Amino acid sequence: MQRRSLLLQISQLPKLHRRCNQAYFFSSGKTQNFHSFPDNNGDPMYSDVPKPRTDKSQRKPYPTPMKELIKRAKQEKELRKSQPCRLLEHPPANGLLVPELVDVAHRVYRARELILSGLSKLLQFIPVQRCRFCYEVHIGNVGHEIRTCTGPKSGSRSATHVWRKGGVGDVIFFPKCFHLYDRVGKSRVVHDERHSAPRIPAILELCIQAGVDVENYPSKRRTKPVYSIEGRIVDFESVAGMDEMETNLFVENVDDTEVDVLRRDPNSELNAEDTNLIELSTRTLDSWFEMIGGVRKIMEKYNVWTCGYCPEVQVGPKGHKVRMCRASKHQSRNGLHAWQEATINDLVGPNYVWHVHDLNGPPLRNDLKRYYGKAPAVVELCVQAGAPVPDQYRSMMRLDVVPPERDEVDLVA
C-alpha cells in the first residue's frame, strides 16, 4: 500500500515541477513586458471597434450600479419620513432652471441645426448608401460586401445587404420622445394621451427643459421652487393664464416634422463661404463635438430615461406610461417600458459605419472585415469630405492597419 502511494507521488512530480516553473515565471520581472502593451481600458486614446448586442432579449447594462441605485432609494425614503413637507432647494428638481446650463442648451440647439445644415450640403458631394432591409449605413460610392444584414429574409441572401441611396436621417438619428409642458407638475404622459401629446426629438426636448424657448413647444417657467409633500410635488405658485395654455397645448398635436425639416431655398446652392468642402466638413465636425459635449453636461443635471429593452427614450423626472413597448418580455409588463438611466448613445445614436480608405476603390470584402475600422457616420462623412481625423477615433478607424490585397488573403495569418 505504501509502495502504491509512493509511485503515485512520483508520477505527480512532473506536474508539480511545471506549476513551480509557471509560478516563478509570472512572479519574476519578466511580467513587466506584458504590461507594456496598450490596454483597452487603461489607454484613454484607444477605443476598439464597437460590437453590436448579440442577445437583444437581455436587458441593457445599467450605467449606475444597482447597489448605488438601491442606496439612493433608501436615502430618499428616509428623507421623506423625516421631512414629510419640505421645500426642494436644488434645480432642476424644484422646477427652476439651472443657470449655468442655459447657455449650454442654446449652444447645443445651434450646433444641432448646424449639423443638419452641414450634412445636407455634404451629401451633395459624398454619397451615402443605406440597406433596404436593415439600418446599416455605408459612406461611399458602392456599398460594402460585409454580410451583416439582419433584416427580413436575410438568411436567403446570406446576410448580404441590398443598398439604396440614403439621406441625412440615415447619417444621424435623433430618437423622439413626448414633449412635457410642465416637467415637474405633470412629469408623465399616460396611455390615453399618446395621440395628443406631441413627439419631438429627445435632444430638442432636453434643450427646451434646460432653458431654450421654442415657439411651437412652450414650457412652463417657474420663479419659485416647488414643495414635496410625502413624495408628491405641490406648486403653490399661481400664474395667470397658465392653466388655459396647458389645456390648449394638447388639443391639437403640432406637426413635429417641421422641427426636422431644413428650411432651404428652392434654388438651393452652396453659399460663397461653403464652397470650400474642407472648411464645411470641419465646421460640421466641430459642431458635432460641441453638441455631444453639451449634451453630456446637461444630462448630469437633467434626467433622461431609456427602455432597458427597446430604443425608446424620455426626457424628464420619470418615464412615460404609454404601453407601446414591443421588445422582449413586454407581455409581463403589459406593454410598459422598463425605464432605466440613459446614456449619451441612447439620446444621440452614433450609428457606427465601416471606415473606407478610398471612396473610389473596390468595395469592402467580407473575408477582410477584421482589418477594417469603424467610426460614427457623421465623423466618417466629414473625414471623407476632407476634415482632419479626430484623435479619439484614430484607433477605432484602424488607420495604422493596411488591409491585404485580394491575391494576398491566403498569405495573411
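When a residue number appears, it is its place in the shown sequence, counting from 1. Only heavy atoms go into these numbers, but all of them, side chains included; no hydrogens, no water, no symmetry mates. Quantities reported herein were computed from a predicted structural model and do not represent experimental measurements.
In this structure, E100 does not pair ionically with K301, as no charged nitrogen and carboxylate oxygen lie closer than 4.0 Å. Remark: E136 does not engage R147 in a salt bridge, criterion side-chain N to carboxylate O under 4.0 Å. Salt bridge status for D391 with R394: present, with a side-chain N to carboxylate O gap under 4.0 Å. With respect to R72 and E68, a salt bridge is recorded, a charged nitrogen being found less than 4.0 Å from a carboxylate O.
Note that the CD1 atom of I229 and the CZ atom of R86 stand 11.0 Å from one another [nearest 0.5 Å]. A distance of 8.5 Å separates CZ of R283 from CG of L114, quoted to the nearest 0.5 Å. Of the inter-residue distances, the one linking F133 atom CZ with K153 atom NZ reads 8.0 Å to the nearest 0.5 angstrom. Between the NE2 atom in H161 and the OG1 atom in T150 there is a gap of 7.5 Å [rounded to 0.5 Å]. Atom CD of E341 and atom OG1 of T343 lie 8.5 Å apart (nearest 0.5 Å). The CD1 atom of I115 sits 11.5 Å away from atom CG of L122, with the distance rounded to the nearest 0.5 Å.
Side-chain contact between C310 and H330 is absent, with no heavy-atom pair separated by less than 4.5 Å. Annotation: side chain of L180 is in contact with side chain of E205 (closest heavy-atom distance under 4.5 Å). Within the 4.5 Å cutoff, the side chain of Y371 has no heavy atoms near those of the R398 side chain. Between V383 and M397, some side-chain heavy-atom pair lies under the 4.5 Å cut-off. In this structure, the side chains of K165 and P127 stay at 4.5 Å or more apart for every pair of heavy atoms. Here the side chains of I233 and Y227 are not in contact, with every heavy-atom distance at 4.5 Å or above. R222 has its side chain within reach of D182: a pair of non-hydrogen atoms, C-beta onward, lies under 4.5 Å apart. Looking at heavy atoms from C-beta onward, E300 lies out of side-chain contact with R296 at the 4.5 angstrom threshold.
Here the rule is salt bridge (Lys or Arg N to Asp or Glu O under 4.0 Å) with E312, and of R199, K60, K176 only R199 fits it.
R194 and H191 share a donor-acceptor pair across their side chains, judged by distance under 3.5 Å alone.
Residues V212 and R221 approach most closely at O-NH2, 3.1 Å, considering heavy atoms. Residues V214 and L204 come closest through the heavy atom pair CG2-CD1, 4.2 Å. Across all non-hydrogen atoms, the minimal contact from P376 to Y393 is CD-CE2, 3.5 Å. When all heavy atoms of E145 and P363 are compared, the pair lying nearest together is OE2-CG, 3.5 Å. Nearest heavy atom pair, residue T282 against residue P388, reads OG1-CD, 3.9 Å. Scanning both residues, A202 and V313, for their nearest heavy atoms gives CB-CG2, 3.7 Å.
Between H138 and W163, the two ring planes are tilted [angle within 30° to 60°]. Using cut-offs of 30° and 60° for the angle between ring planes, the H355 and H357 rings count as perpendicular.
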### Message
Pair Q340, Y62 - check side-chain contact (heavy atoms from CB on, under 4.5 Å), show working.
### Response
CA-CA 7 Å; Q340 66 181 44; Y62 289 94; 3.7 Å; yes
### Task
Would you sort out whether C325 and C307 count as a side-chain contact (heavy atoms from CB on, under 4.5 Å), showing the intermediate values?
CA-CA 8 Å; C325 186; C307 181; 4.0 Å; yes
### Task
Check the pair N351 / V378 against side-chain contact (heavy atoms from CB on, under 4.5 Å), numbers first and verdict last.
CA-CA 8 Å; N351 197 7; V378 176; over 6 Å; no
### Query
Are F125 and L280 close enough, and set up right, to give a side-chain contact (heavy atoms from CB on, under 4.5 Å), and what steps lead you there?
CA-CA 12 Å; F125 302 93; L280 176 61; 5.8 Å; no
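At distances below 3.5 Å, at least one donor-acceptor pair connects side-chain atoms of K186 with backbone N or O atoms of R188. Under the 3.5 Å distance criterion, the side-chain polar atoms of S117 are left unmatched by any main-chain donor or acceptor of E113. Counting only distance, with no hydrogens or angles, the side chain of Q314 and the backbone of F178 share a donor-acceptor pair below 3.5 Å. S281 places a side-chain N or O within 3.5 Å of a backbone atom of I278 that can act as its donor or acceptor partner. Using a distance-only test at 3.5 Å, with no hydrogens or angles considered, no donor-acceptor pair links the side chain of R59 to the main chain of Y309. Not a single donor-acceptor pair under 3.5 Å links the side chain of Y372 to the backbone N or O of P403. No donor-acceptor pair closer than 3.5 Å links the side chain of Q83 to the backbone N or O of S228.
Taking the six-membered ring where the residue is Trp, the centroids of H320 and W339 are separated by under 6.0 Å.
Within 6.0 Å of CZ on R132 lie no more than 12 heavy atoms contributed by other residues, nucleotides or ligands. More than 12 heavy atoms of other residues, nucleotides or ligands shown are found within 6.0 angstrom of CZ on F289.
With a 6.0 Å cutoff to the six-membered ring centre and a 45° limit on the axis angle, R183 does not count as a cation-pi contact of Y302.
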